[in-house]
Protein chains: 2
Amino acid sequence: MAEEVNPLIRALEQYDVLSDEERDALRALPLRTRLLQKNEEIIREGDRPTHSCLLVAGFAARTQNLEDGKRQITNLHAPGDFVDLHSLLLKRMDHNVIAFSDCEVAFIPHGALRELIDRHNHLSRLLWVTTLVDAAIDRAWITCLGRRPAIDHLAHFICELFTRLKGRGLNDGNSILFGATQVELGDILGMSTVHVNRTIQDLRKLGLIDWEAGRVTIRDFDRLADRAGFDPAYLNQWVEPR
Amino acid sequence: MAEEVNPLIRALEQYDVLSDEERDALRALPLRTRLLQKNEEIIREGDRPTHSCLLVAGFAARTQNLEDGKRQITNLHAPGDFVDLHSLLLKRMDHNVIAFSDCEVAFIPHGALRELIDRHNHLSRLLWVTTLVDAAIDRAWITCLGRRPAIDHLAHFICELFTRLKGRGLNDGNSILFGATQVELGDILGMSTVHVNRTIQDLRKLGLIDWEAGRVTIRDFDRLADRAGFDPAYLNQWVEPR
DNA sequence: CGTCGTGTTGAACCTAGTCAATTTCCGTGG
DNA sequence: CCACGGAAATTGACTAGGTTCAACACGACG
């Protein structure tokens with residue numbers, strides 16, 4: 001089988017097999033892709049978007065801003081993730097989505113997507129699945145934030161990120177490219193920048209990871225996963241009739 | 001209009017208007033209800049359920065257990081919430097659902113639900129919406145856990161709980177019945193029991209709430225919401241074509 | 001009347017946050 | 001090739017928010 005290039009098809013094929021007809025239907029969707037620079041807003045809280053969007057390249061983040069200027073990232077997205085299927089049904093965005101790195105995003109008009117899901121039940125379910133997986137990730141983040149110490153939390157995040165990227169062939173052996181600053185990492189983990197710095201150093205000293213210049217190398221995945229209590233099942237990285 | 005008694009219909013009517021035909025389809029679903037005692041497991045991590053379930057009365061909680069015996073509650077559910085639509089598409093549960101109080105749960109076979117969503121696009125979307133609202137709540141929890149001090153977090157939780165219950169007429173003026181122990185509250189908020197105790201006292205001293213014997217009374221919602229940075233929009237408590 | 005679960009309190013401890021300074025890295029222009 | 005400036009990483013000292021441990025009070029229940 002030739003490597004599929006349509007990002008939508010690749011996104012959904014992660015979770016189940018698609019028929020030729022379904023592929024055709026997906027290919028027929030009017031995608032318009034756009035390049036965005038790091039930190040550009042993709043969608044703003046309060047918006048009522050007319051398009052949904054799929055991340056084709058780079059990273060995107062969901063963010064919520066607090067009154068006092070603090071920021072929390074509630075999920076991070078890798079190529080192949082839908083970063084906004086919510087607005088198709090919820091209509092009003094309750095959070096922001098920003099370009100976490102320079103990235104490429106494909107926009108799909110809600111109208112076309114609505115027609116697609118009304119006509120293709122199976123595709124509709126698979127789109128639903130993508131939002132359910134996002135929710136599973138959110139739950140894992142809640143547990144890390146609520147009950148794990150900083151070092152385990154960071155370890156868990158690295159395991160998750162690595163596993164998600166690897167699931168799409170975006171790893172490079174046991175390292176990944178992830179150009180987040182420590183400030184941004186703090187917004188992901190709910191920690192201060194200083195503490196992020198010290199926690200990374202702790203993982204380094206334990207010989208579990210290297211992290212330099214936007215390249216994260218996992219030196220001992222098993223030990224890292226063990227310390228983090230990481231079980232990849234929640235990522236649902238398998239094909240199954242749905 | 002007569003008060004609707006079918007819990008499924010009430011659940012979906014929160015988000016959009018239903019046609020008579022849709023109501024009939026929902027009424028035709030084979031519900032089997034069951035009474036559960038507090039702390040009984042409704043679904044266990046790793047299960048591959050054959051039924052989805054809807055909470056009819058009482059509270060239910062999603063929980064994740066850590067290696068060291070710690071526990072985190074990742075979402076709380078009130079009557080009218082689906083507590084397991086996930087397994088319909090994700091197949092394998094990545095977390096537990098337990099009876100948070102004595103409660104009544106309606107089970108619906110996956111087969112019947114699948115037929116329903118294949119036949120009724122609009123109902124399918126509304127079911128999807130319920131999972132999206134859950135995800136929105138998860139995001140709010142992440143932000144509270146990551147970036148808010150304990151007192152604001154607790155205030156936010158109370159605002160959320162009150163608003164969700166009020167949306168279903170389950171409030172009693174400005175108080176609600178919520179029989180959680182402080183240990184359980186700790187599992188919700190990601191705090192130690194002792195700190196929960198002290199934080200509740202802080203809110204009491206500020207004149208914002210009373211909390212005694214399972215009854216939470218909000219003495220000044222505006223001030224409470226203000227301190228918590230609570231904006232109810234994410235709960236999507238309105239009817240809108242979806 | 002004893003026991004257990006829950007709420008409450010105090011004190012010691014520790015993880016993580018804050019503030020401020022310093023160093024490293026990197027891109028730019030000369 | 002080097003000097004400069006700004007962003008990011010790192011470090012130290014101090015503080016604060018939150019945890020832990022232990023004790024005690026209270027009420028429900030057998």
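Order of the sequence lines sets the chain letters (A, B, ...), proteins ahead of strands, with each chain counted from 1.
For residues 180-207 of chain B, no residue pair satisfies the ring pair (Phe, Tyr, Trp, His ring centres under 6.0 Å) rule, not counting sequence neighbours. Sorted by first and then second residue, the ring pair (Phe, Tyr, Trp, His ring centres under 6.0 Å) pairs involving residues 42-67 of chain A (not counting sequence neighbours) are A:F59-A:F178. Every pair passing salt bridge (Lys or Arg N to Asp or Glu O under 4.0 Å) that includes a residue from residues 62-71 of chain B is listed here, sequence neighbours excluded: A:R148-B:E67, B:R62-B:D134, B:D68-B:K70, B:R71-B:D187.
Side-chain atoms of B:Q37 and B:D102 form no donor-acceptor pair, as typed in the model, at a separation below 3.5 Å. A side-chain donor-acceptor contact under 3.5 Å links B:E160 and B:Y234. A donor and an acceptor atom, one from each side chain of A:Q182 and A:T193, are nowhere located under 3.5 Å apart.
Look at A:R215 and A:D210 and you find no salt bridge, because none of the NZ, NE, NH1 or NH2 atoms lies under 4.0 Å from a carboxylate O. In summary, B:R168 and B:D81 engage in a salt bridge, as defined by a charged side-chain N under 4.0 Å from a carboxylate O.
Put simply, B:Q201 has a side-chain N or O that comes within less than 4.0 Å of OP1 or OP2 on C:dT9. For C:dT8, the OP1/OP2 oxygens have a side-chain nitrogen or oxygen of B:R204 closer than 4.0 Å.
For A:R215 and C:dC25, the CZ to C1' distance is 18 Å, given to the nearest whole Å. Here D:dC26 presents its C1' atom at 15 Å from CD of B:E212, a figure rounded to the nearest Å. Rounded to whole Å, atom C1' of C:dG17 lies 16 Å from atom CG of A:L185. In this structure, A:Q182 atom CD and C:dT24 atom P are separated by 15 Å, rounded to whole Å.
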Close N or O pairs between protein and nucleotides 21-23 of chain C (under 3.5 Å):
none

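Heavy-atom distances under 4.0 Å link DNA chain C to A:G190, A:M191, A:S192, A:V194, A:H195, A:R198 of residues 189-200 of chain A, given in residue order. Within residues 145-161 of chain A, no residue places a heavy atom under 4.0 Å from DNA chain D.
Proximity of a side-chain donor or acceptor of B:N6 to a complementary backbone N or O of B:L8 within less than 3.5 Å is detected. The main-chain N or O of B:P49 is never found under 3.5 Å from a side-chain atom of B:D47 such that the two would form a donor-acceptor pair.
Considering A:T63, A:T74, A:D94 in turn, A:D94 is the only one that fulfils the side chain to side chain donor-acceptor pair (under 3.5 Å) rule with B:R139.
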